Amino acid sequence: MKMRAQLFLGACALILAASVGSSLAADGGLPKLKEKKTYKVGFSQTESNNPWRLAETESVKQEAAKRGWQLVYTDAAGSAAKQVADVNSMIAQQVDVILLAPREEKPLVPAVMAAKKAGIPVILLDRRVDPVAKPGRDYLTFIGSDFVEEGKRAADWLAKATNGKATIIELEGTTGSSPANDRHAGFAEELKKYPDMKVVASQSGDFARDKGRQVAETLLQAHPDATAIYAHNDEMALGAIAALEAAGKKPGKDVTVVSIDGEKDGVQAIVDGKMGCSVECNPRLGAKAFAAIEAYAKGETIPEWIKSDDHLFDSSNAAANLASAY
Ligand code: AHR
């Protein structure tokens, strides 16, 4: 029944896009947004299986409530196909703007294009889509962190902690997602400076704790000589810590774990000496997103990338940041 309703809304979205979209974006440029007292904002979340996602959703919901704007919220439950259907449903519901946290780079491009055709501006929140879609032309802006830089910072921290010598297992995020692609690329790029640091195995743990634990378990069996684990997020790092302990190894002593995000359990693991560092990736993007919508409606120029200013947590500051972590 739910699926039928989704298909119906998807079909309506396509009809709507075909009927009104071309005139709204006839110049090939971004759809305009009228200045109003309140807006109906769609937020398409990719999944809700970790504290990072929950904190992001909370910040969007809080900002909508604070401003008294209507929010149409969907959770794609980790499926790119469902997320495309979710966006089509938002188009059919004639939202004013869509905030899209795309699960993967390529499969979400058609959703961005459908919204543009329907005359609805899209803001990419926290993740990017494939660069065939361009900010300022196909979508308004990208709001989020520099994932390449995060990978570089993790590599540099590890190099300092290990005197440039490490046998590394890498736990990658969701295959095809921009943070997984860029965190891998940034780390690999920085490692070129350190000839005695080598990644011996790299596999996706889908940004999830249990999957991270399972993958780490397998990779540790194949590479018992590993001295470091680089995880693309804290959830997988925490899974890896559990796998290390199950294998009788001491995380933080036998194996150095470095990660990204800065969630509460991750920061706690640093305080406990089990994790070396976590490069912050700030999920609290709601205020920036709503401010960008308001500014765009006023006719202000919106930058192509509204970048987060991220910290790095390690033993020097973890305890002080625990209370404010999510
Ligand atoms: O896109 C940001 C990443 O996605 C976060 O690092 C991760 O925890 C989340 O699922």
Side-chain angles (χ1 to χ4, degrees), residues 43-60 75-80 82-83 99-108 123-130 139 141-154 170-187 204-213 215-216 229-241 257-270 275 277-286 288-289 305-313 325-326:
F43 174 40
S44 166
Q45 180 56 284
T46 178
E47 58 198 352
S48 301
N49 64 344
N50 74 41
W52 196 100
R53 293 276 139 211
L54 298 179
E56 182 186 44
T57 299
E58 189 51 29
S59 86
V60 170
D75 175 357
S79 157
K82 175 167 183 325
Q83 194 163 32
L99 306 176
L100 171 63
R103 176 170 165 81
E104 290 151 57
E105 289 192 342
K106 287 187 196 298
L108 269 303
I123 292 177
L124 295 186
L125 211 56
D126 97 67
R127 290 186 187 176
R128 293 179 182 273
V129 292
D130 187 275
Y139 62 90
T141 182
F142 166 63
I143 303 180
S145 296
D146 186 335
F147 300 135
V148 174
E149 192 57 28
E150 290 172 347
K152 288 185 177 180
R153 291 174 83 186
E170 179 178 11
L171 298 177
E172 297 189 27
T174 298
T175 305
S177 70
S178 62
N181 291 342
D182 293 354
R183 286 170 186 171
H184 172 78
F187 192 81
S204 174
D206 205 15
F207 282 131
R209 193 182 296 205
D210 202 48
K211 187 81 192 292
R213 183 189 56 75
V215 173
I229 292 180
Y230 164 48
H232 288 192
N233 79 346
D234 285 350
E235 283 295 293
M236 293 189 297
L238 292 161
I241 287 170
V257 180
V258 295
S259 170
I260 294 167
D261 270 0
E263 67 167 69
K264 200 181 249 338
D265 286 359
V267 179
Q268 182 65 58
I270 298 172
M275 201 193 291
C277 86
S278 185
V279 181
E280 186 189 21
C281 178
N282 193 341
R284 294 167 176 141
L285 303 172
K288 280 185 179 160
W305 182 358
I306 300 174
K307 218 188 255 191
S308 300
D309 192 15
D310 293 321
H311 298 97
L312 183 148
F313 305 116
Y326 48 92

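Everything numeric here is computed off the predicted structure, so don't read it as measured data. Along the sequence shown, the residues carry numbers beginning at 1. Order of listing sets the numbers, starting from 1, for every ligand and every atom in it.
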Is there a side-chain contact between Ser308 and Leu285 (heavy atoms, below 4.5 Å)?
yes
May I ask you to check whether Thr57 and Gln45 show a side-chain donor-acceptor distance below 3.5 Å?
yes
Checking Ser278 against Asp261: is there a side-chain donor and acceptor pair closer than 3.5 Å?
no
Are Arg209 and Asn50 close enough that some pair of their side-chain heavy atoms sits under 4.5 Å apart?
no
Whether the side chain of Ser59 engages the backbone of Glu56 through a donor-acceptor N/O pair (distance < 3.5 Å, no angle test) should be reported.
yes
Output the set of protein residues with a heavy-atom contact under 4.0 Å to ligand 1, ordered first by chain identifier and then by residue number.
Asn50, Trp52, Arg53, Asp126, Arg127, Pro179, Arg183, Asn233, Asp261
Side chains of Gln83 and Ser44: do they bring a donor and an acceptor to under 3.5 Å?
yes
